[in-house]
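A short write-up of the structure that comes next.
The sequence lines fix the lettering, A, B, ..., with proteins before strands; numbering per chain opens at 1.
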Protein chains: 2
Amino acid sequence: MGVAERKAKEKEELRSLILQGAKKLFVQKGIEQTTIRSIAEAIDYSVGTVYVYFKDKNAILHALHTQGFAELGGQFAVLFNVTDPMERLKAMGRVYIRFAHDNPDMYELMFSIKAPMEFLNAVNEEWKEGKAAFTVLQTTVQQCMEAGHFDGHRLEPMTFMIWSLVHGMCSLEIGQRTKSVNLQEADGIVEQAYDEFLKIIDKL
Amino acid sequence: MGVAERKAKEKEELRSLILQGAKKLFVQKGIEQTTIRSIAEAIDYSVGTVYVYFKDKNAILHALHTQGFAELGGQFAVLFNVTDPMERLKAMGRVYIRFAHDNPDMYELMFSIKAPMEFLNAVNEEWKEGKAAFTVLQTTVQQCMEAGHFDGHRLEPMTFMIWSLVHGMCSLEIGQRTKSVNLQEADGIVEQAYDEFLKIIDKL
DNA sequence: TTATAAATTGAACAACGTTCAAAATTTGTT
DNA sequence: AACAAATTTTGAACGTTGTTCAATTTATAA
């Protein structure tokens with residue numbers, strides 16, 4: 001059945017087109033301003049069509065969130081050329097921070113906004129993107145431990161602590177909490193704070 | 001003019017009543033479900049009246065956010081009975097974590113949601129609550145340094161790093177990112193990770 | 001009692017997510 | 001090529017949201 005195949009491909013293409021339009025608006029106008037109507041208008045389809053391909057707005061946001069993880073995962077993948085786990089861990093933090101800085105709305109969608117998680121709850125699925133990313137980090141931390149670092153520390157809490165530290169900085173920055181606190185060196189505070197962290201783990 | 005005074009007091013009381021109703025719904029139903037209409041209904045006034053006392057929803061959210069800082073600040077104030085700055089720093093983290101855990105919606109409003117910051121930008125005001133809270137933390141970190149800790153570290157980035165670490169854990173937990181990552185010990189991960197952090201700074 | 005000022009109301013507006021019967025298009029059959 | 005069935009697309013309509021503001025009600029002053 002060549003027809004069924006073509007239809008399936010067309011469905012996939014339209015689904016992709018919707019996400020493409022959504023992402024474009026997302027980056028341009030931010031998550032708040034990205035409405036179903038604006039997405040439909042951007043790709044010259046009606047609102048009804050969008051709802052054929054996505055059950056609701058949360059489903060669209062979850063799909064975008066998944067795309068974000070694919071992109072971040074791709075950036076992490078490069079780091080596995082770094083053999084020294086400690087150096088790799090440090091580089092992961094820098095990549096993470098740069099990703100958050102370059103894609104603030106996407107970052108929020110991936111790590112702060114509840115919509116993607118609510119979608120997962122609704123369809124009873126797991127957060128496999130998050131689990132995979134966490135595992136990548138945890139594996140690196142474990143290799144650091146095997147290399148003699150982080151003595152006396154537990155793997156899982158230690159991994160979560162490191163994630164939290166970097167996420168916290170990005171979250172505060174994106175949430176406009178850093179620039180409002182009247183720091184002496186407002187811009188670059190994230191990088192400076194991360195450097196302090198690196199100084200610390202260098203001794204662990 | 002006794003009348004003018006009474007009027008002023010009545011205005012303040014109604015303003016307070018609106019916030020009280022808003023906070024009640026806020027805690028009960030969450031931020032998403034707290035609408036202007038529901039606030040008005042909760043206190044038996046019309047929507048129009050709410051807009052006499054607050055220029056828009058952001059103004060209400062900002063006022064609630066301010067109340068949140070007053071509450072957290074009150075909890076921090078107790079800690080100044082702890083003379084040892086290192087012990088105080090550790091206790092501040094615990095208080096912060098507990099506050100976030102007990103008041104998740106309020107916490108998000110204070111440290112994640114953009115509405116309060118947008119209100120400040122709109123009326124061209126400073127984030128004095130955030131600045132005050134940050135200063136309290138920074139002062140404690142400074143006293144730790146004066147007591148011989150954190151040698152070779154810079155005050156401001158170090159303070160921001162510590163804030164980020166604790167905020168990051170709370171943010172991930174509230175944003176439902178911890179329970180979805182399939183941790184071996186999902187509940188208590190925040191406390192466990194914080195313990196790892198305490199182990200680290202004990203050596204600094 | 002009456003006129004002025006202040007406070008309160010709620011209908012109305014635009015925009016949102018969402019639904020669904022109807023219209024338009026594509027497919028399969030004769 | 002013509003027609004029926006299946007599929008895809010449409011956009012008007014519904015309920016809610018934040019917000020506005022002329023009209024109403026209430027309180028004050030003369």
* Structure fact -> With the side chain defined as heavy atoms from C-beta on, Thr49(B) is closest, among dA11(C), dT9(C), dT10(D), to dT9(C)

* Whole angstrom is fine here: how far is it from CG in Leu17(B) over to C1' in dT8(C)? => 14 Å

* Asked: Of all the nucleotides listed (dA12(D), dG18(D), dT8(D)), which has the minimum atom distance to the side chain of Lys11(A)?
  -> dT8(D)

* Distance, rounded to the nearest Å, where Arg15(A) contributes CZ and dT8(D) contributes C1' -> 17 Å

* What integer distance in Å separates Glu32(B):CD from dG17(C):P? -> 12 Å

* **Atom-to-atom span, CD of Gln33(B) to P of dG18(D) - whole angstrom** => 10 Å

* To do: Measure from the side-chain heavy atoms of Ser46(B) and tell me the nearest of dG18(D), dA11(C), dT8(C).
  => dT8(C)

* Asked: Counting any heavy atom closer than 4.0 Å, what does Leu14(A) reach on the DNA or RNA strands: base, sugar-phosphate only, or nothing?
  -> sugar-phosphate

* Rounded to whole angstrom units, what separation is found between the NZ atom of Lys55(B) and the P atom of dT19(D)? -> 8 Å

* Whole-Å distance separating the CG atom of Asp56(A) from the P atom of dT18(C) -> 5 Å

* Asked: Between atom CD1 in Ile60(B) and atom C1' in dG18(D), what is the gap in whole Å?
  -> 10 Å

* Asked: Which is true for Thr35(A) with a 4.0 Å heavy-atom rule: it touches a base, it touches only sugar-phosphate, or it touches nothing?
  -> sugar-phosphate

* Asked: Closest to the Tyr45(A) side chain: dT9(D), dT8(C), dT19(D)?
  -> dT9(D)

* Got a salt bridge between Lys9(A) and Glu12(A), using NZ or NE/NH1/NH2 to carboxylate O under 4.0 Å? -> no

* To do: Give a yes or no on whether the backbone of Ile174(A) and the side-chain of Glu108(A) come within a donor-acceptor separation of less than 3.5 Å.
  => no

* Test: Asp202(A) and Lys90(A) ion pair at under 4.0 Å -> yes

* **Expected output: side-chain Arg177(A) to main-chain Gly175(A) donor-acceptor under 3.5 Å** => yes

* Using a 4.0 Å heavy-atom cut-off across all strands, classify Tyr53(A) as base, sugar-phosphate, or nothing. => sugar-phosphate

* Do Phe160(A) and Phe197(B) have ring centroids that are under 6.0 Å from one another? -> no

* Asn58(A) or Arg37(B), whichever maps to the more 5' nucleotide of DNA chain C -> Arg37(B)

* Selection from dG17(C), dT8(C), dA12(D) that lies nearest to any side-chain heavy atom of Ile36(A) -> dG17(C)

* To do: Round to the nearest Å and state the distance from Glu41(B) atom CD to dT16(D) atom C1'.
  => 13 Å

